*Asks:* 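I am attaching a structure below and will ask some questions about it afterwards.
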Amino acid sequence: MASALILDGHPDGRSLTAAIARRYADGHGDARVLALRDLDFDPHLRFGYRERMTLEPDLVDAKRALHEASRIIVTTPLWWGSVPAVLKGFFDRALLPQQEYRYTRLGLPEGLLGARRGRLLLLADTPWFFAPITGIPARTQIGRNTMRLCGVRSFRVHQMLGVRDASPSRIAGWLDRAERLGAADGVTDSRTAPSRTPAPAVA
């Protein structure tokens, strides 16, 4: 199993987001790109947490990859301040209480994923000078409220803003940056090679 797992959260494989995910993987050398658009699963948590839904085979495989990875990367566009439905639906279905996180007797969250490091590569049409006004809540949503809750304590955010009006040279720079980040992480991951947590049994 690859040491780094990249969650590509864009529904279009021709997107810059998808290209960023691939370039990071190329730089890393031991990374798996999990394109959520290619998975066959119901993105709706139809019963909330009252009743457990049966996991589709693609979700079983994805959850296993999440637990075995030593690093988790999320690549996504910013849509309406949040993330595409396929990524949110994946989080809803794949990250479950008692499997990817749980709460202690004191009510404190405890992450159950083995990865302790990760990155968010966030793309948006929002210009950099407008971002302080509108805010980018997806940073908090994914970093603090999702990944860190599940145990990925060191989770860095990299923003690529103004995508709609970006020049070809700027886009090329973003792609090169993703590859450099992947290469640096690949070196670190090959040196540390932490033990991986086995995936929990799922129905």
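When a residue number appears, it is its place in the shown sequence, counting from 1. Below, all heavy atoms of this structure are taken into account, side chains as well, without hydrogens, waters or symmetry copies. It should be emphasised that the depicted structure is a prediction, and the values quoted were computed from it without experimental measurement.
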*Asks:* Mind listing the closest non-hydrogen atom pair of L96 and K63 along with its distance?
*Replies:* CD1-NZ, 4.1 Å
*Asks:* How close do D42 and M53 get, heavy atom to heavy atom, and via which atoms?
*Replies:* OD2-CE, 3.9 Å
*Asks:* Are any of the side-chain heavy atoms of L113 and I72 separated by less than 4.5 Å?
*Replies:* yes
*Asks:* Just verifying a value: how many Å separate L123 CG and T17 OG1, rounded to the nearest 0.5 Å?
*Replies:* 4.5 Å
*Asks:* Going by heavy atoms in the side chains, are P84 and R37 under 4.5 Å from each other?
*Replies:* no
*Asks:* Considering all heavy atoms of both residues, which atom of I20 and which atom of L121 are nearest to each other, and what is their separation?
*Replies:* CG2-CD1, 3.5 Å
*Asks:* Can you check whether L39 reaches L34 side chain to side chain, under 4.5 Å on heavy atoms?
*Replies:* yes
*Asks:* Does anything in residues 70-94 form a ring-ring contact (aromatic ring centres under 6.0 Å, His included)? List the pairs, not counting sequence neighbours.
*Replies:* H10-W79
*Asks:* Measure the CG-CD distance between L149 and E110 for me, rounded to the nearest 0.5 Å.
*Replies:* 10.5 Å
*Asks:* Can you confirm whether the side chains of T146 and Q141 place a donor and an acceptor under 3.5 Å from each other?
*Replies:* no
*Asks:* Under a 4.0 Å N-O cut-off, is there an ion pair linking E56 with R93?
*Replies:* yes
*Asks:* Mind checking the OH-NE2 spacing from Y24 to H158? Nearest 0.5 Å is all I need.
*Replies:* 8.5 Å
*Asks:* Closest approach of A138 and V83, non-hydrogen atoms and distance?
*Replies:* CB-CG1, 4.3 Å
*Asks:* How about L66 and L5: do any of their side-chain heavy atoms sit closer than 4.5 Å?
*Replies:* yes
*Asks:* As a quick check of understanding, evaluate side chain to side chain contact (heavy atoms under 4.5 Å, CB included) for I136 and L122, giving each step before the final call.
*Replies:* CA-CA 10 Å; I136 303 183; L122 181 65; 3.4 Å; yes
*Asks:* For the pair D185 and R71, find out whether any cationic side-chain nitrogen is under 4.0 Å from an anionic carboxylate oxygen.
*Replies:* yes
*Asks:* What is the distance from atom CZ of R148 to atom OG1 of T140, rounded to the nearest 0.5 Å?
*Replies:* 9.0 Å
*Asks:* With the side chain counted from C-beta on, respond yes when L55 and F41 share a heavy-atom pair under 4.5 Å apart, and no when they do not.
*Replies:* no
*Asks:* Got a sec, which residues hit side-chain hydrogen bond (donor to acceptor under 3.5 Å, both in side chains) with R23, two or more places apart in sequence or on another chain?
*Replies:* D176, E179
*Asks:* Are R32 and D61 within salt-bridge range, i.e. N to O under 4.0 Å?
*Replies:* yes
